[in-house]
Engineer: 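Input: one structure, supplied below.
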2 protein chains.
Amino acid sequence: MSSVDRLCEQLKAQGRRLTPQRRAIIQALCDYDSHPTAEQIFARVRQDMPDMSHATVYNTLRELVEMNVLRELDLGLGERHYDLHEGDHAHLICLGCGRIEDVPYDKEAVKLSSRHPHGFRIVDCNVIFRGYCPDCMPQEK
Amino acid sequence: MSSVDRLCEQLKAQGRRLTPQRRAIIQALCDYDSHPTAEQIFARVRQDMPDMSHATVYNTLRELVEMNVLRELDLGLGERHYDLHEGDHAHLICLGCGRIEDVPYDKEAVKLSSRHPHGFRIVDCNVIFRGYCPDCMPQEK
DNA sequence: ATCCCTGCAAAGCCTTTGCAATGCA
DNA sequence: TGCATTGCAAAGGCTTTGCAGGGAT
């Protein structure tokens, strides 16, 4: 079963309706190799469904995030990126060209010390590195 | 020398001009115990300087960020938070009430493996935990 | 048949920008 | 005095909302 089908099943399993629009959005998410924004998804889906509205794209993305199958990344670049990739990984953003790369990291190492008396129930952890990729390295000695 | 004075000195040391507006913004940043947004700074400074403009606040905050004395936090809440605190720490956001807490973390543990061939020159690292604080803990068994 | 979902359009929110006037160095 | 900085107002970009019609279950 493809990723698209699996996600569609998950939608239905939660009592949500599977519409052609939602399937197209999920398809677009799977097609992107990495970290599209809502507008990029919107643009891609519009190629096949010219009547697709912003509302539908944003609503669907929000639902998928609530279902915990999609990760929302706010990188401070003015728009949110979405990440369907599974497994734990950190993100590496190039301050020059804006490209985003996945990098593995040791989840255990980052885990909050249980001795710290914050009392929070942790749901999610995001690790974001900023820097310059080889192509954008500033000229310094 | 107070934190305010120290930051003002740093401004001048970089050839920037020290205006009353900038001093007021720095003062407001120091007054806040934690993580104000640009609008919160704007509102506070306006109490004393009713003519303060958005442009000045946003420009000054951006400069301080460029000077690396202020950290910009994008928590996906629609607005950016600013953090004058020194030293490495992660942030803990409550998904219920939105409060933000600092938590210590082991910077070394998070460091990217140099064996990973990403080739980036890392400038900055942000670790953000999301969860529920004791007051907002969802009712579950 | 129900009511969730969609499309349209407009509003909302935070942030940035343009430009003339001001004032710091 | 020169030029960075300010204030004002408006624009900009992304996201959300309201509502009536339509479609999935």
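All values below come from the heavy atoms of this structure, side chains included, with hydrogens, waters and symmetry mates left out. First the proteins, then the strands, lettered A, B, ... as listed; each starts at 1.
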Engineer: Below 4.0 angstrom from OP1 or OP2 of C:dG7, is there any side-chain N or O of A:Thr56?
Structural biologist: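 It does, given that an N or O in the side chain of A:Thr56 lies less than 4.0 Å from OP1 or OP2 of C:dG7.
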Engineer: Quick check for you: to the nearest 0.5 Å, what is the distance between A:Leu75 atom CG and B:Asp74 atom CG?
Structural biologist: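 Answer rounded to 0.5 Å: 8.0 Å.
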Engineer: Looking at D:dC3, I'd like to know if its phosphate oxygens (OP1 or OP2) sit under 4.0 Å from a side-chain N or O belonging to B:Arg17.
Structural biologist: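 Result: no.
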Engineer: Are A:Tyr58 and D:dT15 close enough that a side-chain N or O sits under 4.0 Å from OP1 or OP2?
Structural biologist: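 Yes, such a contact exists.
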Engineer: Between C:dC8, D:dG7, D:dT25, which nucleotide gets closest to the side-chain atoms of A:Asp51?
Structural biologist: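 The listed nucleotide nearest to A:Asp51's side chain is C:dC8.
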Engineer: Let's see if you can work this out: which of C:dG7, D:dT5, D:dT25 has an atom nearest to the side-chain heavy atoms of A:Ala55?
Structural biologist: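 So the side chain of A:Ala55 is nearest to C:dG7.
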Engineer: To the nearest Å, give me how far apart CG (A:Asn59) and P (D:dT17) are.
Structural biologist: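 So the CG-P distance, A:Asn59 to D:dT17, works out to 9 Å.
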Engineer: Grab the CE-C1' distance between A:Met49 and C:dG7 for me, whole Å please.
Structural biologist: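 After rounding, the gap between these two atoms is 11 Å.
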Engineer: Pick the closest DNA chain C nucleotide for B:Leu18 and for B:Ala38 by heavy atoms, then say which residue is nearer the 5' end.
Structural biologist: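 In this pair, the answer is B:Ala38.
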Engineer: Can you tell me if the side-chain N/O atoms of B:Arg46 get under 4.0 Å from OP1 or OP2 in D:dG7?
Structural biologist: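 No, because none of the side-chain N or O atoms of B:Arg46 sits under 4.0 Å from OP1 or OP2 of D:dG7.
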Engineer: Should B:Leu92 and B:Arg99 count as side-chain neighbours, where that means a heavy-atom distance under 4.5 Å?
Structural biologist: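 Side chain of B:Leu92 against side chain of B:Arg99, heavy atoms only: no contact under 4.5 Å found.
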Engineer: Does either side chain, that of A:Tyr58 or that of A:Glu39, offer a donor lying less than 3.5 Å from an acceptor on the other one?
Structural biologist: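 Side chains of A:Tyr58 and A:Glu39: pair found under 3.5 Å.
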Engineer: Consider the side chain of B:Glu79, meaning its heavy atoms from C-beta on, and name the nucleotide among D:dT16, C:dT6, C:dC14 that approaches it most closely.
Structural biologist: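 Looking only at heavy atoms from C-beta outward on B:Glu79, the closest nucleotide is C:dC14.
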Engineer: Hey, which of these two, A:His54 or B:Thr19, hits DNA chain D nearer its 5' end, going by closest nucleotide?
Structural biologist: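 Nearer the 5' end of the strand: B:Thr19.
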Engineer: For residues B:Phe129 and B:His91, establish whether the separation of their ring centroids is below 6.0 Å.
Structural biologist: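 No.
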Engineer: Could you check how far CD1 of A:Ile25 sits from P of C:dC5, rounded to whole Å?
Structural biologist: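 Rounded to the whole Å, the gap is 12 Å.
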Engineer: Measure from CD on A:Glu63 to C1' on D:dT16 and round the result to the nearest Å.
Structural biologist: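 Roughly 15 Å, once rounded to whole Å.
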Engineer: So A:Pro50, base contact, sugar-phosphate only, or nothing? Heavy-atom distance under 4.0 Å.
Structural biologist: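 Nothing, no heavy atom under 4.0 Å.
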Engineer: Just how far, in rounded Å, is C1' of C:dT15 from CE of B:Met52?
Structural biologist: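 Rounded to the whole Å, the gap is 16 Å.
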Engineer: Starting at CD of B:Gln21 and ending at P of D:dA4, how long is that distance when rounded to a whole Å?
Structural biologist: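 Atom CD in B:Gln21 sits about 17 Å away from atom P in D:dA4.
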Engineer: With a cut-off of less than 4.0 Å, is there a side-chain N or O of B:Arg16 near OP1 or OP2 of D:dA4?
Structural biologist: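 No, outside the criterion.
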Engineer: How long is the straight-line distance from CD1 of A:Ile100 back to SG of A:Cys133, given to the nearest 0.5 Å?
Structural biologist: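 So the SG of A:Cys133 and the CD1 of A:Ile100 are separated by 12.0 Å.
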Engineer: State whether B:Arg22 places a side-chain N or O below 4.0 Å from either non-bridging phosphate oxygen (OP1 or OP2) of D:dT6.
Structural biologist: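 Affirmative; the distance criterion is met.
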Engineer: Using the side-chain heavy atoms of A:Arg80, tell me which of these nucleotides is nearest: C:dC24, D:dT15, C:dG7.
Structural biologist: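 Output: D:dT15.
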Engineer: Starting from C1' on D:dT25, measure out to CD on A:Gln14 and report it in whole angstrom.
Structural biologist: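 Those two atoms, CD and C1', are 17 Å apart.
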Engineer: For B:Tyr82, is the NZ or CZ atom of B:Arg71 found under 6.0 angstrom from the centre of its six-membered ring and inside 45 degrees of the ring axis?
Structural biologist: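 So B:Arg71 doesn't make the cation-pi contact.
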Engineer: What is the distance from CD of A:Glu66 to P of D:dT16, rounded to the nearest Å?
Structural biologist: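 About 11 Å, once rounded to whole Å.
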